[in-house]
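Read the structure below first, then the notes.
By convention in this document, chain letters (A, B, ...) are assigned in the order of the sequence lines, proteins followed by strands, and residues within each chain are numbered from 1.
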Amino acid sequence: MRLTMTVTTRFAPSPTGLLHIGGVRTALFSWLYARRHNGKFILRVEDTDLERSTPEAVRVILEGMQWLGLDHDDGPHYQTQRFGRYKEVLARMLAAGKAYHCYCSKEELDAMRAAQQAQKLKPRYDGRCRHARGPGPQSGRAPVVRFKNPEEGSTIVRDVVHGDVEFRNTELDDLIIARSDGTPTYNFCVVVDDADMGVTHVIRGDDHLNNTPRQLNMLLALGHQAPVYAHVPMILGPDGAKLSKRHGAVSVLQYQEEGYLPDALLNYLVRLGWSHGDQEIFSRAELVALFDIKDVNKGASAFDPEKLQWLNQQHMMRADPAEIVPQLRWQLVHRGIEPADDEALAAIVVAQRERCKTLKEMADNSRFFFGETVLLDEKAAHKHLTVESRQALQQLGYRLRTLPQWEASAIHAAIQTVAGELDLSLGKLAQPLRVAVTGGTVSPPIDQTLAILGRERTMARLIAAIG
RNA sequence: GCUCCCUUCGUCUAGAGGCCUAGGACAUAGCCCUCUCAAGGCUGUAACACGGGUUCGAAUCCCGUAGGGAGCGCCA
C-alpha cells in the first residue's frame, strides 16, 4: 500500500442523454480538484444500459469535454468493455459468500413491493433467497445475483460537503448486482471501477447520495478502503424547477454554437455553489489555484442565463483578441461570410466586444464589415439620411477621400472638422454617416468603424447613400 | 408511504454567536459619461422560510413545522 495516494477523481457520465451543464459542472469540480492537487482525472463512460445509450451522446461527452478543455489523464473507459472484469469480481463475491443467487420472479418481487407499500413501508427486498426461504434453483429460473448487505448496524457516509450522513442498514436491502442474463448493474460496476481505477475522491451529483451507503458496503466487502465522497448539489432551471430540455440548451455544445467562451461557461458554472469572497471573474489558472471541494454549498442553485451572458462578455473583454478570432471566424463562416484576415478580425473583436454578450451576437452585429454593399435600414435611412445630412456627408466624403492616413484618429479629426465647418453637432454628422456605412444606427465608435471598414468600402457606401 | 438531503435579496452568493442598521455580483430603476449601442462610474429598490428554545447576545447552535429535492428498478 502506498503511503501517499495521488488524488484521483473521475467523471462518469452515462450516455443516455446529451451532456448538459449540470453534468459539466460536476465534471468541472472533479477536474479542478484533481488539477489543484496535481492528481489524476479519469473519464469513464457508463454505457451499461445498452438500450438507452447512444453514440451521439458519447460524441457530445467527448467533444464537449474537449471544447471546455477538461482534459483527462486516463480513459475514456467504457464499461461495456469491462464486462469480463465484472464477471470475475462477481464470481469472487459469490465464492466468498458475499453475494448470493436469487430466484425470485419479477411477479413475486412486484407482489412483495405492493404488499409493503400497502403497509406504508419502504419497498425493499426481504432477503428470502438469502435465508433459503425463496424459490431456489428448482424453480428452473435463471437467477440474479444479490449483494449481501449488512443486516444490522448502520453505514456512515463521510461526505465533505454534507458531513457525516448515517443510514441504518435495515433501510438498505440486498440489491441486484447482476441481472438474470449475467450482465452487471450500475451500482456494482461503479464500485468495481472506482476500486480498480484507484479513485480516491468520488465527486458526483447529490442524487447519488442515497446510493452511496450500498456502494460503500460493497467496496468494504471487497476489501477496499472508502474513498472521500463529495455530493454536489444539482442545478435547477431558471424557474427553479429541475433542469430539462424545456429550458433550452440540451447539449453543452450548444453553448459553443451560441458563442460562449469555454472559460466563461466554466467560470459561471463554478460559481454555482462555490465562491471565493467577492470575486466573480476567475481565470482557469485562478480556479485551479483556489478551488476546494470543501467549500461547495449544499443547496441546489438555479441557472441564470443573464449572468452567464454578462460573464461571457467580461471574459471576451479580458481575453487576448487573437484567441477569440478563430471563434468569431467560425461564426462568420457559418453565416456564409467570407472571413477577412486575422488582423482585421482581431480589430473587429476589439471594437465589438464591449457591446456583445456572445460571439454569435458579435458576428450578427459585424455583418456590415463584410461585402461590398450594405442594406440600408429603412427607418434609419428615413430619419438620418435627409437632404441636409446628405450634403454634409458629401462634404465629409471629399475630405475622407484624400485623407493622408486612414486611421481612427485622423478620421475622427476629419469628422470633427467637417462638423465644425457646417456648424453641426458631432452627432448630427456621425449618425448619418453611421447609417450610410453600416446600414443601421448601431455600431462601434464611428471612427473605429470606418478605420476597420477601409477607405474603399467607406467611399463606395457613402456615394451609394448620398444617391 | 418510507429513508436521506436542502432552505440568506427575483437569481448566484458572503456570513462559521457579538465586526450585520445583513456585504458583493447578475437582473432592475435613476443619474453621470457620450457620435449610436455599449462598456464604465455613482445611487436606489430588494433577503436571513416559519415557530419554539439555548445564550447577556443568533442569519449563525438545538428542536419542531412548512416548502423543495433525491432515492426506494433485473435504469444509470
Side-chain angles (χ1 to χ4, degrees), chain A residues 12-17 46-49 51-53 79 102 104 106 109-110 113 116-124 142-146 157 159 162 165-168 170-173 175-181 183 185-187 189-190 205-214 231 233-234 236 238 240-242 268 271-281 297-311 313-314 317 352-357 365 380 384 412 415-416 419 425-435 438 440-447 449:
Chain A
S14 139
T16 51
E46 309 213 323
D47 55 353
T48 52
D49 186 348
E51 309 283 302
R52 296 192 301 150
S53 295
Q79 289 189 323
C102 167
C104 294
K106 205 142 186 162
L109 296 175
D110 286 345
R113 270 191 282 270
Q116 287 162 335
Q117 274 172 333
Q119 291 175 66
K120 305 201 171 191
L121 292 171
K122 180 183 196 167
R124 36 188 284 284
V144 298
V145 178
R146 287 184 186 272
V157 175
D159 188 291
H162 290 278
V165 184
E166 179 174 357
F167 295 85
R168 280 184 296 284
T170 50
E171 291 293 332
L172 279 22
D173 62 357
L175 73 161
I176 292 176
I177 58 179
R179 305 181 182 93
S180 48
D181 65 1
T183 58
T185 60
Y186 166 77
N187 281 111
C189 296
V190 168
D206 66 10
D207 49 337
H208 287 286
L209 183 55
N210 286 297
N211 288 329
T212 307
R214 305 209 286 188
H231 287 93
M234 319 209 64
L236 273 21
K242 195 178 163 184
Y268 176 72
R271 283 284 290 101
L272 251 34
W274 178 85
S275 63
H276 180 73
D278 286 339
Q279 188 170 348
E280 293 287 349
I281 298 161
N297 285 165
K298 300 170 194 213
S301 41
F303 176 72
D304 179 5
E306 285 182 321
K307 188 154 184 180
L308 203 212
Q309 292 196 326
W310 174 78
L311 261 175
Q313 180 170 35
Q314 294 300 317
M317 292 194 296
Q352 291 282 43
R353 59 183 172 182
E354 66 192 36
R355 64 206 89 237
C356 300
K357 306 280 191 199
N365 295 343
H384 295 285
H412 187 81
I415 296 171
Q416 253 180 340
S425 68
L426 199 53
K428 281 278 189 286
L429 185 57
Q431 263 320 70
L433 175 58
R434 176 169 279 116
V435 173
T438 72
T441 55
V442 176
S443 87
I446 197 64
D447 47 359
T449 301

5'-most by nearest nucleotide on RNA chain B - A:S14 or A:P445:
A:P445
Looking for any heavy atom pair under 4.0 Å, which part of the strands does A:G273 touch: base, sugar-phosphate only, or nothing?
sugar-phosphate
With sugar-phosphate meaning primed atoms plus P, OP1 and OP2, does A:L272 contact a base, only sugar-phosphate, or nothing at under 4.0 Å between heavy atoms?
sugar-phosphate
Closest non-hydrogen atom pair between A:S425 and A:A419, with its separation:
O-CB, 4.4 Å
Taking 4.0 Å as the cut-off, does a side-chain nitrogen or oxygen of A:T183 come that near to OP1 or OP2 on B:C74?
no
Rounding to 0.5 Å, atoms CG (A:L236) and CG (A:D304) come to a distance of 12.5 Å
Please report the distance, rounded to the nearest Å, between CD in A:Q116 and C1' in B:G71.
15 Å
Pairing partner of B:G1 (Watson-Crick or G-U wobble, both distances under 3.5 Å)
B:C72
Rounded to whole angstrom units, what separation is found between the NZ atom of A:K357 and the P atom of B:C37?
15 Å
Could you check how far CD of A:E306 sits from P of B:C12, rounded to whole Å?
13 Å
Distance check, P atoms only: B:G1 and B:G44, in whole angstrom units.
48 Å
Residues that A:H208 engages under ring-ring contact (aromatic ring centres under 6.0 Å, His included), provided they are two or more places apart
A:Y186
Salt bridge (Lys or Arg N to Asp or Glu O under 4.0 Å) involving A:D207 - partner list, sequence neighbours excluded
none
Using a heavy-atom cut-off of under 4.0 Å over every strand shown, decide if A:N297 touches base, sugar-phosphate, or nothing.
sugar-phosphate
Check this for me: does the side-chain of A:Q119 come within 3.5 Å of the base of B:G1 through a donor and an acceptor?
no
Compare the minimum distances between each of B:C2, B:C26, B:C6 and the side chain of A:H162, then state the nucleotide with the smallest one.
B:C6
For the side chain of A:Q313, starting at C-beta, report the closest nucleotide among B:A39, B:G1, B:C74.
B:A39
Kindly point out which of B:C4, B:U36, B:A25 is positioned nearest to the side chain of A:T441?
B:U36
As a test of reading the structure: which of B:C72, B:C5, B:U36 is closest to the side chain of A:L209, going by heavy atoms?
B:C5
When rounded to the nearest 0.5 angstrom, what distance separates CG in A:N365 from CZ in A:R355?
9.5 Å
Report the distance from atom CG of A:D159 to atom CG of A:D206, rounding to the nearest 0.5 Å.
9.0 Å
As its Watson-Crick or G-U partner within any shown strand, both distances under 3.5 Å, B:A14 has none
Contact class for A:V144 (heavy atom, under 4.0 Å): base, sugar-phosphate, or nothing?
base
Answer with base, sugar-phosphate or nothing: what part of the nucleic acid does A:D49 contact at a heavy-atom distance below 4.0 Å?
sugar-phosphate
If the condition is side-chain hydrogen bond (donor to acceptor under 3.5 Å, both in side chains), which residues does A:D181 pass it with, not counting sequence neighbours?
A:T183
For the atom pair CZ (A:R146) and CG (A:D173), what is the distance rounded to the nearest 0.5 Å?
7.0 Å
Can you check whether A:K298 has a side-chain N or O nearer than 4.0 Å to OP1 or OP2 of B:C6?
yes
The side-chain hydrogen bond (donor to acceptor under 3.5 Å, both in side chains) partners of A:T449 (sequence neighbours excluded) come to A:S443
Please report, rounded to the nearest Å, how far the C1' atom of B:C72 is from the CG atom of A:D110.
14 Å
To the nearest 0.5 Å, tell me how far A:I176 CD1 sits from A:T185 OG1.
7.5 Å
Strictly by Watson-Crick or wobble contacts shorter than 3.5 Å, is anything paired with B:U54, and which nucleotide is it?
none
So does A:H208 get a side-chain nitrogen or oxygen closer than 4.0 Å to the phosphate oxygens (OP1/OP2) of B:A70?
no
For B:G67, give the paired nucleotide (Watson-Crick: N1-N3 plus N6-O4 or O6-N4; G-U: N1-O2 and O6-N3; both under 3.5 Å), or none.
B:C6
Report yes if at least one side-chain N or O of A:T16 is closer than 4.0 Å to OP1 or OP2 of B:A76; otherwise report no.
no
Within this structure, what is the CG-to-C1' distance between A:D278 and B:G15, rounded to whole angstrom?
11 Å
Over all atoms of both residues, closest heavy-atom pair of A:P123 and A:Q116:
CA-OE1, 3.3 Å
For A:P444, does its backbone N or O pair with a side-chain atom of A:R434 as donor and acceptor, under 3.5 Å?
yes
What integer number of Å spans the P atoms of B:C19 and B:A59?
9 Å
So, OP1 or OP2 of B:G73: does either fall under 4.0 Å of a side-chain N or O from A:R113?
yes
Of the candidates B:G71, B:C4, B:U11, the side chain of A:K122 sits closest to B:G71
Return the nucleotide paired to B:C20: Watson-Crick means purine N1 to pyrimidine N3 with N6-O4 or O6-N4, wobble means G-U with N1-O2 and O6-N3, both under 3.5 Å.
none
Quick one: on RNA chain B, does A:D47 or A:R353 contact a more 5' nucleotide (nearest heavy atom)?
A:R353
From the options B:C35, B:A25, B:U3, select the nucleotide whose nearest atom is closest to the side chain of A:R434.
B:C35
Quickly work out the A:L433 CG to B:U36 C1' distance and round it to whole Å.
11 Å
Which base, if any, makes a Watson-Crick or G-U wobble pair with B:G44, both distances under 3.5 Å?
B:U28
No-H, no-angle donor-acceptor pair, A:S443 side chain to B:C37 base, under 3.5 Å
no
Under 4.0 angstrom, heavy atoms only, what part of the nucleic acid is A:P233 near: base, sugar-phosphate, or nothing?
nothing
Name the nucleic acid region contacted by A:K120, choosing base, sugar-phosphate or nothing; use a 4.0 angstrom heavy-atom cut-off, strictly under.
sugar-phosphate
Rounded off to whole Å, could you give me the CH2-to-C1' distance for the A:W274 and B:A14 pair?
13 Å
B:A14 phosphate, OP1 or OP2: any side-chain N/O from A:S275 under 4.0 angstrom?
yes
Examine B:G73: is either OP1 or OP2 under 4.0 Å from a nitrogen or oxygen in the side chain of A:K106? Give yes or no.
no
With the sugar-phosphate defined as primed atoms, P, OP1 and OP2, and the base as all remaining atoms, what B/S/- string results for nucleotides 60-69 of chain B, 5' to 3', for protein heavy atoms under 4.0 Å?
----------
Taking any heavy-atom pair under 4.0 Å as a contact, classify A:N187: base, sugar-phosphate, or nothing.
base
Could you state the CG-P distance from A:D207 to B:C5, rounded to the nearest angstrom?
15 Å
Evaluate the side-chain proximity of A:Y268 to A:F303: yes if any heavy-atom separation is below 4.5 Å, no if none is.
yes
Counting primed atoms, P, OP1 and OP2 as sugar-phosphate and everything else as base, the B/S/- map of nucleotides 40-51 of chain B against protein heavy atoms under 4.0 Å is S-----------
